[in-house]
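Here is the structure we will look at, set down as structure tokens.
Chain naming here is simple, since letters A, B, ... match the order of the sequence lines and numbering starts at 1 in each.
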Amino acid sequence: MTVPYSFAHNAFAAALQSSYDHLADGEESGDTVMVAGRLMLLRRQGKLAFATMRDSSGEIQLFALDAVTSDFEEFTKLHLGDWVGVGGEVVRTKRGELSVKVATWVTLAAAQRNFGDKWAGISDFDLRYRHREADLWANPMSRTTLKRRNDVMRAVRERCWAAGFMEVETPILNAIASGSDARPFATHHNALDTDFFLRIAPELWLKRLVVGGFERVFEIGRVFRNEGVSPRHNPEFTMLEIYAAYWNYEDMMVFTEELTAGVAMDVLGTTEIEYQGRPFSFAAPWPRRTMAELASEAVGTDVSVHTPREQLAGMLEERGVEVHRAWGAGRCLAELFEATCETSLWNPIFVTDFPVEISPLARRHQGDPELVERFESYAVGRELSNGFSELVDPLDQRARFEDQARLAAEGEPETMHIDEDYIKALEWGLPPTAGLGLGIDRLAMLVADESNIREVIAFPTLKPVVD
RNA sequence: GCGCCGGUAGCUCAAUUGGCAGAGCAUUUGACUCUUAAUCAACAGGUUCCGGGUUCAAGUCCCGGCCGGCGCACCA
């Protein structure tokens with residue numbers, strides 16, 4: 001059988017359903033359309049046959065009659081999952097189902113595999129993730145979720161553009177993987193005979209564009225971290241990073257909450273949702289609390305980055321956290337916060353004023369040089385975004401990188417490497433700038449009410465099956 | 001990486017204390033001129049994830065491996 005190379009398609013299911021809403025039961029419109037899609041159900045009744053066809057917009061019934069339909073017998077032998085193109089009149093059956101009365105039809109692709117149980121679909125995770133194409137046909141929720149992700153991406157882009165940000169693209173192959181603390185994937189360029197690392201963040205490149213005079217830039221792109229896989233972590237994930245010259249971290253917090261709540265409004269029409277059965281509100285403004293305040297409340301005594309390191313370490317050990325010898329008071333405070341507060345932060349909140357020790361790219365706090373002007377937003381017990389007033393001083397930047405190198409020497413596996421090119425870039429002058437990194441997948445999880453990151457990624461990372 | 005749970009027909013799932021491996025849907029064949037997961041009848045469909053072991057007998061018990069889900073760790 002030869003399948004055609006094209007089909008003169010001129011109507012979609014959803015548009016037909018709405019534009020022929022007025023058609024009465026048993027009424028024939030007199031209008032002929034060409035529709036195409038996939039057979040989801042097929043019911044033969046002697047000299048009649050009814051099929052449910054789905055296209056990207058929705059579903060419509062195909063009504064075939066021996067007296068009207070060409071090759072009627074062949075039509076009744078079509079399989080669930082076959083793609084068909086159909087020409088016929090728009091009618092409503094006596095039982096009230098809007099249909100295309102099939103006059104001519106052609107097979108556009110024969111399905112040689114089925115799409116699972118027509119009622120239960122496909123539920124096996126392995127099959128769903130390895131063969132998303134089958135999952136998408138079999139499971140309406142999978143289509144809805146990935147569509148939501150697309151809606152989120154569009155809303156984020158449109159809001160960034162509307163705020164005057166320019167979308168840019170920066171290298172994925174890097175001689176040094178920097179901009180975050182994470183282990184990178186390594187690869188090799190043959191012609192250059194050079195090892196490269198896949199980016200773990202686009203941060204340093206974006207700030208170099210600000211140095212170059214693009215005052216507002218953003219990038220939505222894949223980043224790669226060679227770390228554990230979990231329901232909330234995929235080795236490659238999508239990050240939004242934005243940088244605005246002349247802003248500080250408070251300005252960026254305002255932008256972050258407005259962007260996030262705005263995306264929820266754009267996609268869902270509301271900021272008030274249920275996430276995993278529990279009420280959740282995107283509505284701005286979000287509370288702002290310092291890390292030290294939250295940690296102090298949680299442990300019942302005042303702690304801060306100035307609390308003696310040994311005292312903080314003792315509190316961590318009481319809570320079963322193993323304290324690395326390279327950790328200073330700042331890192332200990334952050335660990336204490338994560339151990340006691342992080343998972344209880346349900347509605348969005350900004351946690352602010354991080355220790356300088358764990359923030360090598362952020363600018364020192366105007367009120368306390370041991371802190372930086374940094375925030376992380378948390379929602380449903382997870383980190384959603386991270387931003388700060390950017391460190392603009394090349395001398396301080398070099399000192400921070402050197403501190404990181406010292407930590408590495410003491411056995412800390414995930415530290416930032418010194419990036420001479422970046423320091424050189426800062427020497428040309430980075431104006432006061434605030435930056436933000438936001439996990440698009442995690443935002444999509446919230447909007448789509450999904451608890452596993454794999455549901456919002458079309459093809460999540462899986463271990464290959466070897467025979 | 002560690003722990004717990006799971007893997008049976010193309011899909012969704014059963015299988016009692018270890019005792020002949022089953023159903024629905026899909027596929028194949030037939031009936032049926034308004035169906036809606038159509039209905040009815042019939043046929044066919046299996047390396048029970050893989051490899052060992054215990055036993056008269058293993059889907060079931062034991063050991064190892066593979067893949068997945070969840071939790072922990074790492075992290076966003």
(message) Checking A:Ser19 now: which residues fulfil side chain to side chain contact (heavy atoms under 4.5 Å, CB included) with it, not counting sequence neighbours?
(response) none

(message) Contact list please: residues 73-87 of chain A against RNA chain B, heavy atoms, distance less than 4.0 Å, in numerical order.
(response) A:His79, A:Leu80

(request) Using whole Å, report how far CG of A:Leu65 lies from C1' of B:C34. (result) 9 Å

(message) OP1 or OP2 of B:A76 versus the side-chain N and O atoms of A:Arg382: is any pair under 4.0 Å?
(response) no

(message) Give me the distance, rounded to whole Å, that separates B:G3 from B:U60 when you measure between the P atoms they each carry.
(response) 22 Å

(message) Nearest 0.5 angstrom please: A:Met34 CE to A:Thr104 OG1, how far?
(response) 5.0 Å

(message) Could you identify the nucleotide paired to B:C34, looking across every strand shown and requiring Watson-Crick or G-U wobble geometry with both distances under 3.5 Å?
(response) none

(request) May I have the distance from A:Arg232 (atom CZ) to B:G71 (atom C1'), rounded to whole angstrom? (result) 9 Å

(request) May I ask you to say whether A:Arg157 pairs ionically with A:Glu167, meaning some side-chain N is under 4.0 Å from a carboxylate O? (result) yes

(message) With a 3.5 Å limit on both atom pairs, tell me what B:G3 is paired to, counting Watson-Crick and G-U wobble, or say none.
(response) B:C70

(request) Hunt down the Watson-Crick or G-U wobble partner of B:G22, both distances under 3.5 Å, from any strand shown, or write none. (result) B:C13

(message) Which residues in residues 18-42 of chain A have a heavy atom closer than 4.0 Å to any atom of RNA chain B?
(response) A:Leu41

(message) Quick one: does any side-chain atom of A:Thr69 pair with a main-chain N or O of A:Ala103 as donor and acceptor, under 3.5 Å?
(response) no

(request) Round to a whole Å and report the spacing from CD of A:Gln276 to P of B:C70. (result) 11 Å

(message) If I take atom CD in residue A:Glu203 and atom P in nucleotide B:A76, what distance separates them, rounded to the nearest angstrom?
(response) 12 Å

(request) Could I get the full list of side chain to side chain contact (heavy atoms under 4.5 Å, CB included) partners for A:Asp82, not counting sequence neighbours? (result) A:Leu78, A:His79, A:Ala110, A:Ala111

(request) Please check if any side-chain donor atom of A:Asn347 sits under 3.5 Å from a side-chain acceptor atom of A:Trp286, or the reverse. (result) no

(request) Return the nucleotide paired to B:U60: Watson-Crick means purine N1 to pyrimidine N3 with N6-O4 or O6-N4, wobble means G-U with N1-O2 and O6-N3, both under 3.5 Å. (result) none

(message) I want to check one thing: is the phosphate of B:A38, taken as OP1 and OP2, less than 4.0 Å away from some side-chain N or O of A:Gln45?
(response) no

(request) Ignoring backbone atoms, establish whether A:Asn226 has a side-chain N or O less than 4.0 Å from OP1 or OP2 of B:C74. (result) no

(request) Applying side-chain hydrogen bond (donor to acceptor under 3.5 Å, both in side chains), name anything that partners A:Glu250, two or more places apart in sequence or on another chain. (result) none

(message) Applying the Watson-Crick and G-U wobble criteria at under 3.5 Å, what pairs with B:U8? Answer none if nothing qualifies.
(response) none

(message) Do A:Ser359 and A:Arg374 pair up side chain to side chain, a donor and an acceptor below 3.5 Å, judged on atom types alone?
(response) yes

(request) Quick one: label A:Asp135 by what it contacts on the DNA or RNA (base, sugar-phosphate, nothing), any heavy atom closer than 4.0 Å. (result) nothing

(message) So if I take residues 113-131 of chain A and measure heavy-atom distances to RNA chain B, which residues fall below 4.0 Å?
(response) A:Asn114, A:Gly116, A:Asp117, A:Lys118, A:Trp119, A:Ala120, A:Gly121, A:Ile122, A:Ser123, A:Asp124, A:Phe125, A:Asp126, A:Leu127, A:Tyr129, A:Arg130

When you compare the protein's N or O atoms with those of nucleotides 2-8 of chain B, which come within less than 3.5 Å of each other, and at what distance?
none

(request) Would you mind reading off the distance between A:Glu236 atom CD and B:A76 atom P, rounded to a whole angstrom? (result) 17 Å

(message) Between B:G6 and B:G46, how far apart are the two P atoms, rounded to whole Å?
(response) 27 Å

(message) If I take atom CD in residue A:Glu455 and atom C1' in nucleotide B:C70, what distance separates them, rounded to the nearest angstrom?
(response) 14 Å

(request) Answer yes if the side chains of A:Asn248 and A:Ser389 hold a donor-acceptor pair under 3.5 Å, and no otherwise. (result) no

(message) Nearest to the side chain of A:Leu462, heavy atoms from C-beta on, is which of B:C70, B:C34, B:G68?
(response) B:G68

(message) Check this one for me: any side-chain N or O of A:Ser180 less than 4.0 Å away from OP1 or OP2 of B:A76?
(response) yes

(request) Determine the interatomic distance between P on B:U28 and the same-named atom on B:G51; round to the nearest Å. (result) 32 Å

(request) Return the orientation label for the A:Tyr129 and A:Phe125 ring planes: parallel under 30°, perpendicular over 60°, tilted otherwise. (result) tilted

(request) With the side chain of A:Gln61 defined as its heavy atoms from C-beta on, choose the nearest nucleotide among B:U36, B:A73, B:A76. (result) B:U36

(message) Within the 3.5 Å criterion, strictly below it, is a donor on A:Glu219 or A:Thr170 matched to an acceptor on the partner's side chain?
(response) yes

List the atom pairs, with distances to 0.1 Å, where a side-chain N or O of residues 48-67 of chain A and a protein N or O form a donor-acceptor pair under 3.5 Å, not counting sequence neighbours.
unit_1  : atom_1 : unit_2   : atom_2 : d
A:Arg54 : NH1    : A:Glu59  : OE2    : 3.3
A:Arg54 : NH2    : A:Trp137 : O      : 2.5
A:Asp55 : OD1    : A:Ser57  : N      : 2.8
A:Asp55 : OD1    : A:Ser57  : OG     : 2.7
A:Asp55 : OD1    : A:Gly58  : N      : 3.0
A:Asp55 : OD2    : A:Ala13  : N      : 2.8
A:Ser57 : OG     : A:Ala13  : N      : 3.2
A:Ser57 : OG     : A:Ala14  : N      : 2.9
A:Gln61 : OE1    : A:Arg43  : NH2    : 2.9
A:Gln61 : NE2    : A:Ser99  : OG     : 3.0

(message) Holding to side chain to side chain contact (heavy atoms under 4.5 Å, CB included), I want the full list of residues that pass it with A:Asp151, two or more places apart in sequence or in another chain.
(response) A:Lys147, A:Arg148, A:Arg154, A:Val267

(request) Please report the C-alpha distance between A:Thr260 and A:Leu446 in whole Å, then the side-chain angles of each, then the deciding distance to 0.1 Å, and finally whether the side chain to side chain contact (heavy atoms under 4.5 Å, CB included) criterion is met. (result) CA-CA 11 Å; A:Thr260 310; A:Leu446 279 172; 6.0 Å; no

(message) Need one value for A:Gly228: base, sugar-phosphate or nothing, where a base atom within 4.0 Å counts as base even if backbone is also close, heavy atoms only.
(response) base

(message) Does anything in residues 441-454 of chain A form a salt bridge (Lys or Arg N to Asp or Glu O under 4.0 Å)? List the pairs, not counting sequence neighbours.
(response) A:Arg149-A:Asp441

(request) Quickly work out the A:Glu322 CD to B:C72 C1' distance and round it to whole Å. (result) 14 Å

(message) What is the separation between atom CG on A:Asn452 and atom P on B:A76, rounded to the nearest whole Å?
(response) 19 Å

(request) If a pair satisfies side-chain hydrogen bond (donor to acceptor under 3.5 Å, both in side chains) and one of its residues is in residues 113-127 of chain A, list it, with sequence neighbours excluded. (result) A:Asp126-A:Arg130

(request) Using the aromatic ring of A:Phe237 (for Trp, its six-membered ring), decide whether it stacks on the base of B:A76 within the limits of 5.5 Å and 30°. (result) yes

(message) I want to check one thing: is the phosphate of B:G69, taken as OP1 and OP2, less than 4.0 Å away from some side-chain N or O of A:Arg454?
(response) yes

(message) Under 4.0 Å, counting only non-hydrogen atoms across every strand here, what does A:Lys463 touch: a base, just sugar-phosphate, or nothing?
(response) sugar-phosphate

(message) Could you tell me how far B:G45 sits from B:C4 if I compare only their P atoms? Round to whole Å.
(response) 40 Å

(message) Quick check on RNA chain B: between A:Ser230 and A:Ala51, whose nearest nucleotide comes earlier from the 5' end?
(response) A:Ala51

(request) List in chain and number order the residues that pass side chain to side chain contact (heavy atoms under 4.5 Å, CB included) with A:Ala163, two or more places apart in sequence or in another chain; answer none if no residue qualifies. (result) A:Phe165, A:Phe255

(request) Could you tell me whether A:Asp66 contacts a base, only the sugar-phosphate backbone, or nothing, with contacts defined as non-hydrogen atoms closer than 4.0 Å? (result) nothing

